[in-house]
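Have a look at the structure below before the remarks.
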Protein chains: 2
Amino acid sequence: MGVTIYQVARAAGVSPSTVSNVLNGRDGRMLPETRSRVVRAMQDLGYRPNHAARQLRTGRASAIGLVVPSVANPFWGAFAQRVEAAALTHGQHVLLCNSERDPDRERAYVDELWAEGLRAIVLCTSLPSLDHLADKISAGLRLVAFDRTAQLGDPDQVINISIDNVLGTKMATQHLLDLGHRRIAFISGSLGSINRKERHRGFVEAAAAAKLGDGAITWAADDDDFADLDAAALGRAAVAELLQRPEELRPTAVLTINDMTALGVCAGARTAGLTPGRDLSVIGFDDILLAELAWPPLTTIRQPLDAMATAAVDYLRADPDGAVTAPSVLIRPELVTRDSTGPATA
Amino acid sequence: MGVTIYQVARAAGVSPSTVSNVLNGRDGRMLPETRSRVVRAMQDLGYRPNHAARQLRTGRASAIGLVVPSVANPFWGAFAQRVEAAALTHGQHVLLCNSERDPDRERAYVDELWAEGLRAIVLCTSLPSLDHLADKISAGLRLVAFDRTAQLGDPDQVINISIDNVLGTKMATQHLLDLGHRRIAFISGSLGSINRKERHRGFVEAAAAAKLGDGAITWAADDDDFADLDAAALGRAAVAELLQRPEELRPTAVLTINDMTALGVCAGARTAGLTPGRDLSVIGFDDILLAELAWPPLTTIRQPLDAMATAAVDYLRADPDGAVTAPSVLIRPELVTRDSTGPATA
DNA sequence: CTGTTAGCGCATTCAA
DNA sequence: TTGAATGCGCTAACAG
């Protein structure tokens, strides 16, 4: 069924090990002429390397493992699409895993991928600690932690790729302040994960700098009542509660942990008879495809996913022996102004 | 690094081949007692089968290949999440491929997966013909064609899983008729793919049965100006054009090829100063997560994704030697009534 | 009912 | 600079 290096070797008049050397870029061990003869033979015969055999021999698989909370979430779906595209440019495949934000599941996936020989994993995690991966990492696992900034005590060699969350919510808060809002709510699920804490911090700091005082309202779910896909429901619930407050305590603008929650807030506001963008300003985070499609189109903080996905795959492929020069990549967010935010009216 | 069947065999006091037999469910070839001894040894040693070795030996990989247009599209993201979940219950992994609706890319992916030993593929395709896969299928490829109904001349052994598209748009059209609408537009990208043709047919037939005559308007993009992710832009463009028509030719209700397009229609209607659900009824297709979140919440035809994904994975795992008793699974759509459709006012 | 054995395709010593 | 030989972990004859 498949062409083997033996057939290639015979066709090129060399030994199998020479073909193997060509395959593995050990060009120094042969004459350029020999090399080109081998390459030609591979093309003529339509040779394709057998990944299973290579993996059996080396113990390493070439695919990239991708662990996301859930590709059903449009943000992660978009990210997964870009990771796959970036991997494809290197001829690598992507193994898809949905952790559903369950830490046990997340760990089990990484264990499983490791046991299967995968040595390159993009882990989209909100876990504060990566200690449980330290042994694998020192044993050769290339791990990109995505959407999570570097933490003290992280294993060396872990590469963190994330937006600058603090800056992002600062920009969002500032935008609202510039529009004249003085009572602003930050809405989020439980503040357990790193990036949520950071986004919250950006809000708190920007609000403090503007001396908002009690005008800075934090609404965070206590525990994990809301799963990943319930972000919208969370927004709905939060806004329903906030709008019941007496007018002098009621926010005129809302900043959410992500776009899905913002969409929920918009829906909740409408249920309460308010028009988002006019009676209540709403700003999201992520800039998912649907942010632009919502009514009103959602002002949000964009995460440049293309750049992030490409960076992730590049690091995974970097020379394993090379020094990791950039242990952490902090990407700059962008404010995208659309119609869901407007001047303060109250 | 790994425990092998030899170690298990030694621990259980049997030969490696007996362990292999246990692994492969050939229970008939050993005493129950022997079997349990082996199982115990596997647990004690923490044995995990080496997929690469197994694949090298058998030529078959155990992962499932999933080819979707793009997981960045919320519908396909949701589907991918469910396929992965279904595969996980069998301990199988999912290899993710985004075809971006490029037929060449789609074919290249299938070739690649096949060459890598994958023998189970879920192919979400709009291609009318599957002839190019016939040879692989007869050579043992298990292929589930998703979102595509069976066609005359399809290779045997292909399993088609799809909703009943004709019924779906009939239900949608009927819903609009029941609300009193007499000028209804069907909006879609080019009608090249099977399921689009079918959805269109459902609309045409229901409209004809209601003697709508010129009141049944088909708006379909000529060629593929709009890629998968531009569905919303397509809806916007279509509605902008339709609303410019003289009043007696202007639709009072719109039925779209999918929810993303419907969301675009809603946005376009608002741009034109109309309120969806009041001035223009809009009904989508799919029931993606965001349909409920839109404003107004979108009436739509639901595709029961869970059932569809489970069916796909089950068929992939069915006994390869068993007769394929259900070459085609036609799933019943459900009308989900929300606020984007209302009585005809014009 | 259980054990022995011979590769699957490749990478990698070690010799030449 | 190249070649011959070995084994990664497993399955499937086949022999016992």
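By convention in this document, chain letters (A, B, ...) are assigned in the order of the sequence lines, proteins followed by strands, and residues within each chain are numbered from 1.
- Looking only at atom types and distance, the side chain of B:N98 has no donor-acceptor partner in the side chain of A:Q81 under 3.5 Å away.
- Residue contacts shown for A:G28 are limited to sugar-phosphate atoms, with no base heavy atom under 4.0 Å away.
- Checking D:dC8, D:dG3, C:dT2 against the side-chain heavy atoms of B:T18 singles out C:dT2 as nearest.
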| request: For each nucleotide in nucleotides 11-16 of chain D, reading 5' to 3', give B when a protein heavy atom comes within less than 4.0 Å of its base, S when such contact involves only the sugar-phosphate, and - otherwise. | output: BB----
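- Atom CH2 in B:W114 sits 9.5 Å away from atom CD1 in B:I137 (nearest 0.5 Å).
- Between the CG atom of B:L56 and the P atom of D:dC10 there is a distance of 12 Å, rounded to whole Å.
- Here the NE2 atom belonging to B:H132 is positioned 6.0 Å from the CD atom belonging to B:E106, to the nearest 0.5 angstrom.
- One distance of note links CG of A:L305 with OG1 of A:T310; it measures 10.0 Å at 0.5 Å rounding.
- Here the C1' atom of nucleotide C:dA11 and the CD atom of A:Q55 are 14 Å apart, to the nearest Å.
- Using a 3.5 Å distance cut-off with no hydrogens or angles, the side chains of A:N160 and A:S162 do not pair a donor with an acceptor.
- Ion pairing of A:R148 with A:D154 is present here, as a side-chain N (NZ or NE/NH1/NH2) and a carboxylate O approach within less than 4.0 Å.
- Considering CZ of A:R119 and CZ of A:R142, their distance stands at 13.0 Å, rounded to 0.5 Å.
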| request: Report the C-alpha separation of A:F79 and A:V122 in whole Å, then their side-chain angles, then the decisive distance to 0.1 Å, and conclude whether the side-chain contact (heavy atoms from CB on, under 4.5 Å) test is met. | output: CA-CA 11 Å; A:F79 179 64; A:V122 178; 4.1 Å; yes
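- Dense packing is recorded around CZ of B:R26, with more than 12 heavy atoms of other residues, nucleotides or ligands lying under 6.0 Å away.
- Look at NE2 on B:H51: it is 16 Å from C1' on D:dC8, rounded to the nearest Å.
- As rounded to whole Å, 13 Å separates atom C1' of C:dG3 from atom CE of B:M30.
- Ion pairing between A:E112 and B:R48 holds under the 4.0 Å rule for side-chain N and carboxylate O.
- Here C:dG9 presents its C1' atom at 15 Å from CZ of A:R10, a figure rounded to the nearest Å.
- End-to-end axis angle for the helix from C:dC1-D:dG16 to C:dA16-D:dT1, using five pairs per end and rounding to 10°, comes out at 40°.
- Side-chain N/O atoms of A:S15 include one lying less than 4.0 angstrom from OP1 or OP2 on D:dG3.
- With respect to B:R317 and B:D314, no salt bridge is recorded, no charged nitrogen being found less than 4.0 Å from a carboxylate O.
- Near DNA chain C, meaning a heavy atom under 4.0 Å from it, residues 33-42 of chain A has no residue at all.
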